[in-house]
Amino acid sequence: MKKIVTTALLLCLSWIAFSQSIELSNDFRLASPYHEPDGANDVVRLKDGDFVTIAKLKGGISGKSDFAIERNNGSSFKVVWSTLISVSASEDFKDLYFNGKDLVLLSVIHLELEKKTQLVAYGYDVKTGSMIWTKELESYTIAPYIEVEHRGSVKESFIDVICEHTSPSFVTPFEYKHNVRFSPDESKFVSYVFDFSQHTLVASVAVYDNAGTVLKKGKVTIDAGYVNHGIFVNNRGELFIVNVNGSGKINIIRLNLDTHEFQIVEIAGSNYKKDELITQLISDDKVIVGAVELFEEKLVGVTYAIANFVTLTLDKHVTDKFDAAVFSKVSEARKALKYKGEENWVDYDLSHMFVSETEGVILVLEKRSLYADGYPHISPTAFDKKHQVEVNGHVHAEGILLFSYGKDDVRKWVQYVAKNQVYPSTDGLNTISYVIDNSHHTNIRIMYATSESMDGSVTTINLTHIDRASGKVVEQSVLPNESKLMIVRDYTMWEENDKLIVVGRKGITGKASAIVRYKL
């Protein structure tokens, strides 16, 4: 197994800080090195400070797997209760959340022999961990895929690309995938499954409350020549469909499933391709969409726009074509890290967008690529059945680009965090990549794990503090890592009373895990 590539930020010594110390650390079970590449690991924080984890205890790339759902005390990190569950190779966990009453686990069952896919929900008592109910939310027959030129299509995420090139029994196939997104207030969620068996692309859509009760169902059509970048639900239960065509025109459509009435707000096309779209609902009537802009598949800028569905116009549309400041920032950091060759400006994924009424917009990009023998470059495009080819691949995650825009929509600063991580693709982004915390009032914090040892064991956790006003790196901390903790991407870090809590995996095999509290 290829090891994590040695990485370090070669920054001025005055930036390096070792003031953080481990105040408390406690292991919890995570006994299988074969983690779901689609990010099935999860942490749910409860209002009283406790948190719930789900972790894989046993299972390989195929066959049955065993998981543990555990509630952990927020102060001592000790396990309050533990519930063991076992699932077949055809079942993959989708999401874990707390709806205010019960802990709910959403799961997809893909029965390929029967050509059927199901979304089920399991309810657990948050006080005891006992299962108290099970619901089958939806079930669809998957008809054979047909190729149709210029038919509407669906954008692959980077995680989708990883899953399409791993063992078919390890993940949910793309056509069987239930796409799930929650409303901003988390009172509702939408689930949708695409049908690739017709000449017109159609999604079967259902809106549920957070108890798993269906509120409405219907169909959504993706127009020919457009690529869908997601279907979203607001707090009223209305849908927003975001599609983009080859000329960079984005259609944001609000649809009422009950009346079938719809409205469209358009973001005009340009000379550049818009890709890697991120959508957030600012309110029930306002949507912000961010995107990267590409020319000949190379990153040349970023853009964002706010669609107002009261006026049916754009409140703003900001396009930032990169200037010398961006290129020099990246070039200098790459040279300091001794990257080989010049930046080719491909494979940048728009991973985060933070929106504030008082501060403006922050866009965060990470360079991500997948490669394997005979496949030197595999990038996300629109889904095609031919993409599903199993390879012995590796994920490569490189530098992080951050752009901050004020309320006047003028770029305030650009920052680049140089890193270089490689890991087997069967792990997805669970070990490499980064975690970002935007909750602190003065700093944006980025954390990622790296290795300086020949055996690939993780020896370093890097914590970068970026001043949100100026964009300057104000602190670069190397956190104590006695347990050789690896950050699990879909786990999280958070701060409580000047203490940073991190959940991650221990060691190169990941056959244990730990919760660590650092004193800042």
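The chain is numbered in sequence order, starting from 1. These numbers come from the heavy atoms of this one structure, side chains and all, not from hydrogens, waters or symmetry mates.
Taking OG1 from Thr117 and CD1 from Ile109, the interatomic distance works out to 8.5 Å, rounded to the nearest 0.5 Å. The CD1 atom of Ile446 sits 9.5 Å away from atom CD of Gln476, with the distance rounded to the nearest 0.5 Å. To the nearest 0.5 Å, atom OH of residue Tyr140 and atom OG of residue Ser204 are 5.0 Å apart. Considering CH2 of Trp413 and CG of Leu402, their distance stands at 5.0 Å, rounded to 0.5 Å. The CG atom of Asp223 sits 10.0 Å away from atom CG of Leu201, with the distance rounded to the nearest 0.5 Å. Rounded to the nearest 0.5 Å, atoms CG (Asp349) and OG (Ser379) are 11.0 Å apart.
Scanning for side-chain contact (heavy atoms from CB on, under 4.5 Å) contacts around Phe262 gives Ile253, Leu255, Ile264, with sequence neighbours left out. Partners of Thr259 under the side-chain contact (heavy atoms from CB on, under 4.5 Å) rule, at least two apart in sequence or in another chain, are Asn256, Glu261. Not counting sequence neighbours, the partners of Ser157 by the side chain to side chain donor-acceptor pair (under 3.5 Å) test are Asp160. In this view, Glu343 and Arg334, Lys367 satisfy the salt bridge (Lys or Arg N to Asp or Glu O under 4.0 Å) rule, not counting sequence neighbours. For Lys249, the salt bridge (Lys or Arg N to Asp or Glu O under 4.0 Å) partners are Glu266, not counting sequence neighbours. Residues satisfying the side chain to side chain donor-acceptor pair (under 3.5 Å) criterion with His110, sequence neighbours excluded, are Asp92. Under the side chain to side chain donor-acceptor pair (under 3.5 Å) criterion, Lys412 pairs with no residue, sequence neighbours left out. Checked against side-chain contact (heavy atoms from CB on, under 4.5 Å), Asp409 has the following partners two or more places apart in sequence or in another chain: Tyr304, Lys316, Val318. A search for salt bridge (Lys or Arg N to Asp or Glu O under 4.0 Å) contacts involving Glu186 returns nothing, not counting sequence neighbours. Residues satisfying the salt bridge (Lys or Arg N to Asp or Glu O under 4.0 Å) criterion with Asp320, sequence neighbours excluded, are Arg411.
Considering all non-hydrogen atoms of both residues, Cys163 and Val171 come closest at O-CG2, 3.5 Å. Across every non-hydrogen atom of Ile278 and Leu350, the tightest pair is CD1-O, 3.1 Å. Smallest separation of non-hydrogen atoms from Ser197 and Ile146: O-CD1, 3.4 Å. Counting all heavy atoms, side chain and backbone alike, Asp209 lies closest to Phe189 at O-CE2, 3.6 Å. Shortest non-hydrogen contact noted between Gly248 and Lys274 is O-NZ, 3.0 Å. Nearest heavy atoms, Ser351 versus Tyr434: OG-OH, 2.5 Å.
Annotation: Asp373, atom CG; neighbour count of heavy atoms from other residues, nucleotides and ligands within 6.0 Å does not exceed 12.
Checked by atom type and distance alone, the side chain of Tyr348 never pairs as donor or acceptor with a backbone atom of Arg368 at under 3.5 Å. Panel note: side chain Gln421, backbone Ser433; a donor-acceptor pair is recorded below 3.5 Å. With hydrogens and angles ignored, the 3.5 Å screen pairs no side-chain donor or acceptor of Asp195 with any backbone N or O of Val202.
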Fill in: Stepwise side chain to side chain contact (heavy atoms under 4.5 Å, CB included) check, Glu293 with Thr319
CA-CA 9 Å; Glu293 293 202 320; Thr319 297; 3.3 Å; yes
Fill in: Working for side chain to side chain contact (heavy atoms under 4.5 Å, CB included), residues Gln415 and Val473
CA-CA 8 Å; Gln415 185 55 265; Val473 175; 3.8 Å; yes
Fill in: Check against side chain to side chain contact (heavy atoms under 4.5 Å, CB included), Arg445 and Leu463
CA-CA 7 Å; Arg445 294 179 293 197; Leu463 178 62; 4.1 Å; yes
Discussion item. Before you tell me yes or no, could you show the steps for Glu357 and Lys407 under salt bridge (Lys or Arg N to Asp or Glu O under 4.0 Å), namely the whole-Å CA-CA distance, both residues' side-chain angles and the distance that decides it to 0.1 Å?
Written reply: CA-CA 7 Å; Glu357 290 184 4; Lys407 288 195 300 181; over 6 Å; no
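Taking the centre of each ring, Phe194 and Phe174 stay at or above the 6.0 Å mark.
The ring-ring contact (aromatic ring centres under 6.0 Å, His included) contacts involving residues 264-286 comprise nothing, where partners must be two or more places apart or lie in separate chains.
At a threshold of 4.5 Å between non-hydrogen side-chain atoms, the residues Leu257 and Val205 count as touching. By the 4.5 Å heavy-atom criterion applied to side chains, Leu429 and Ile159 are counted as neighbours. Between Glu475 and Thr464, every side-chain heavy-atom pair lies at or beyond the 4.5 Å cut-off. Two residues are said to be in side-chain contact when any heavy atoms from C-beta on lie closer than 4.5 Å; Arg468 and Ile362 meet this criterion. You'll find the side chain of Tyr448 reaches within 4.5 Å of the side chain of Val417, heavy atoms only.
Between the side chains of His377 and Asp347, at least one donor N or O sits under 3.5 Å from an acceptor N or O. Tyr226 and Asn251 share a donor-acceptor pair across their side chains, judged by distance under 3.5 Å alone. A donor atom on one side chain and an acceptor atom on the other are not found under 3.5 Å apart for Glu91 and Gln118. Glu112 and Ser90 share no donor-acceptor pair across their side chains, judged by distance under 3.5 Å alone. Glu156 and His387 are linked by a side-chain donor-acceptor pair at a separation below 3.5 angstrom, with hydrogens and angles left out of the test.
Between Lys419 and Glu398 no salt bridge is recorded (no basic side-chain N to carboxylate O distance below 4.0 Å). Salt bridge status for Glu138 with Lys217: absent, with no side-chain N to carboxylate O gap under 4.0 Å. Taking the charged nitrogens against the carboxylate oxygens, Lys273 and Glu297 do have a contact shorter than 4.0 Å, which makes a salt bridge.
The aromatic rings of Tyr405 and Phe403 sit parallel, their planes meeting at an angle under 30°, below the 60° perpendicular limit. Below 30°, between 30° and 60°, or above 60°: for His396 and Tyr371 the angle between ring planes is above 60°, a perpendicular geometry. Ring-plane geometry between Phe322 and Phe327 is classed as perpendicular, the angle between the planes exceeding 60 degrees on a 0 to 90 degree scale with a lower cut at 30.
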Check residues 229-242 and write down every donor-acceptor pair under 3.5 Å in which the side-chain atom is one partner and the other belongs to a residue at least two apart or another chain.
residue, atom, partner, partner atom, Å
Asn234, OD1, Arg236, N, 3.0
Asn234, OD1, Gly237, N, 3.0
Asn234, OD1, Glu238, N, 2.8
Asn234, ND2, Glu238, OE1, 2.8
Asn234, ND2, Asp284, O, 3.1
Asn235, OD1, Asp185, N, 3.0
Arg236, NE, Glu238, OE1, 3.2
Arg236, NH2, Glu238, OE1, 3.1
Arg236, NH2, Asp285, OD1, 2.8

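For the pair Arg151 and Tyr145, the cation-pi test (distance below 6.0 Å, angle within 45°) is passed.
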